[in-house]
> 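The structure follows.
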Amino acid sequence: KRPLRLWRYKELLPVAGEPVSLQEGGTPLYHLKTIGKELGLKELYAKHEGMNPSGSFKDRGMTVGVSMAIQLGMKTVACASTGNTSASLAVYAAKAGIPAVVLLPAGKVALGKVAQALMHGAKVIAIRGNFDKALEMVHDLCINEGLYLLNSVNPYRLEGQKTIGFEAVDQLGGVPDRFVLPVGNAGNISAVYKGLLELQNLGFIDSLPMMTGIQAEGASPVVDAIHNKREVLVPEANPETVATAIRIGAPVNAEKALRAIRETNGTAIAVTDEEILAMQRSLARKEGIGVEPASAASVAGIKKLAEEGLIDKDERIVCVVTGHLLKDPEAVIKQCEPPTEIDANLESLLSVLR
Ligand SMILES: Cc1ncc(COP(=O)(O)O)c(/C=C/C(=O)C(=O)O)c1O
């Protein structure tokens, strides 16, 4: 019996030899009893992808992507990132012993993610422009210099991320009615859908969940395309949200995400920054689940849909919470009261606790 980890599903993954692995995957699936009760949802779950080696779901794509880079004899790996992709690439490139180059939107990346990229030894470049600009530039860099591009345009990234769905089905003992993900570059929702299609084609499941994408109101081109029944997505030129991980205006996987949502009778909605931060606090204080802002968007989206009466009360719902709280400490300091500072004596302590 194989342990619940990403490589449990190796026959459904493209790597031939020994993978570059840090025991990724096997993340907990938590039953949100308190938040679920508040929303009247008995079967609301959160799959905590912040419990991966580098603290986000990106490790699933990188264990496969970096293994393929080695298998293909590539010498250097590269990506543009809102932060977590760069942190994960730095981690897996270090494990593989090859150099990594990462391009970040200057001043718009959470502290923890920059710390990881730096400490794990990537060449970290801050671009005076947004993520979409950085992605264009790293694309040109890789074409001109022969570096291996590991953004989610690279299909091997999506192969690894399929395993989120595989594990959730194993953990639930069946396929959920709805799968909810925060959507930025739209790789993750596309990957999970591809994996579930494969399970269905192989006869492991006989239905597909409604794929549900949640975006931040200031960065919601996929939501716009769904609601306006667009065939081709209109990019958001100046995406803005406190959830910097999903501050993306031109998602490269948009077409795949639109298909995933439409073919499963799913949906896509936007939530405000306030709704995102409120859910980040609720998950931490009511369920003991610590996530960064973008990750809370999936549960904030379900709250919104439930309150609009668009969710069937007995639906079995899996929300993916995608990154650990520690990634973005500044977002916490900005919204929480600071610690109460006192003189070091019992009298002062008692006076502030009363
Ligand atoms: C915490 C967190 N939650 C959700 C998303 C959205 O996933 P996609 O829709 O597959 O992009 C990201 C994405 C991050 C990057 O795109 C990057 O790191 O460059 C994230 O870090």
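Whatever order the structure lists them in is the order used to number ligands and atoms, beginning at 1. Values below: every heavy atom of this structure, side chains too, minus hydrogens, waters and symmetry copies.
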> Is the closest heavy atom of Gly83 to ligand 1 under 4.0 Å?
yes
> Quick one: nearest non-hydrogen protein atom to atom 7 (O) of ligand 1, plus distance?
Phe57 CZ, 3.4 Å
> Is there a polar contact, in the sense of an N or O pair closer than 3.5 Å, between Gly184 and ligand 1?
yes
> List every atom of ligand 1 that sits less than 4.0 Å from any heavy atom of Val183, numbering the atoms from 1 in the order shown and giving each element.
9 (O)
> Using 4.0 Å as the upper bound for N to carboxylate O, is an ion pair formed by Glu11 and Arg2?
yes
> Does ligand 1 have a heavy atom under 4.0 Å from the side chain of Ile248, from its backbone, from both, or from neither?
side chain
> Would you kindly specify which portion of Gln161 sits under 4.0 Å from ligand 1, judged on non-hydrogen atoms: side chain, backbone, both or neither?
neither
> Report the nearest protein non-hydrogen atom to atom 21 (O) of ligand 1: residue, atom name, distance rounded to 0.1 Å.
Asn84 ND2, 2.8 Å
> What protein heavy atom sits nearest atom 2 (C) of ligand 1, and how far away is it?
Thr322 OG1, 3.3 Å
> Atom CG in Asp177, atom CD1 in Ile317: separation rounded to 0.5 Å?
7.5 Å
> Can Arg178 and Asp312 be counted as an ion pair, charged N to O under 4.0 angstrom?
no
> Check Lys194 with Glu198, please: is the shortest side-chain N to carboxylate O separation under 4.0 Å?
yes
> Please report whether ligand 1 has a polar contact with Asn185, defined as an N or O pair separated by less than 3.5 Å (distance criterion only).
yes
> Considering only non-hydrogen protein atoms, determine which one is nearest to atom 19 (O) of ligand 1 and report residue, atom name and distance to 0.1 Å.
Thr82 N, 2.9 Å
> If the contact criterion is a heavy-atom separation under 4.0 Å, does Ala186 count as touching ligand 1?
yes
> Using 4.0 Å as the upper bound for N to carboxylate O, is an ion pair formed by Glu136 and Lys133?
yes
> May I ask you to check if ligand 1 and Gly187 share an N or O to N or O distance below 3.5 Å?
yes
> Distance from His120 atom NE2 to Leu89 atom CG, nearest 0.5 Å?
11.5 Å
> Does the N or O separation between Thr85 and ligand 1 drop below 3.5 Å for any pair?
yes
> Where does Asn253 meet ligand 1, judged by heavy-atom distances below 4.0 Å: at the side chain, the backbone, both, or neither?
neither
> When you measure from atom 20 (C) of ligand 1 to every protein heavy atom, which one gives the shortest distance, and what is it?
Ala245 CB, 3.5 Å
> Salt-bridge test for Arg60 and Glu24: reply yes if a basic N is under 4.0 Å from a carboxylate O, no otherwise.
no
> Is Lys42 paired with Asp314 through a side-chain N to carboxylate O contact shorter than 4.0 Å?
no
> Does this structure show an ion pair linking Lys303 with Glu307, if we count only N-O contacts that are shorter than 4.0 Å?
yes
> Quick check on contacts: which atoms of ligand 1 are under 4.0 angstrom from a heavy atom of Ser81?
17 (C), 18 (O), 19 (O)
> Between Arg5 and Glu167, does at least one N-O distance fall below 4.0 Å, as a salt bridge requires?
no
> side-chain hydrogen bond (donor to acceptor under 3.5 Å, both in side chains), that's the test. Do Thr322 and Glu49 meet it? Break it down for me.
CA-CA 5 Å; Thr322 43; Glu49 287 297 295; over 6 Å; no
> Measure the distance from atom 10 (O) of ligand 1 to every protein heavy atom, then report the residue, atom name and distance (to 0.1 Å) of the closest one.
Asn188 N, 2.8 Å
> Going through the distances and angles, do Ile302 and Leu41 end up as a side-chain contact (heavy atoms from CB on, under 4.5 Å)?
CA-CA 10 Å; Ile302 280 298; Leu41 301 173; 3.7 Å; yes
> Does ligand 1 have any atom sitting under 4.0 Å from a heavy atom of Leu181?
no
> What part of Lys58 sits under 4.0 Å from ligand 1 if we count only heavy atoms: the side chain, the backbone, both or neither?
side chain
> Where is the nearest protein heavy atom to atom 5 (C) of ligand 1: which residue, which atom, and how far?
Ile246 CG2, 3.7 Å
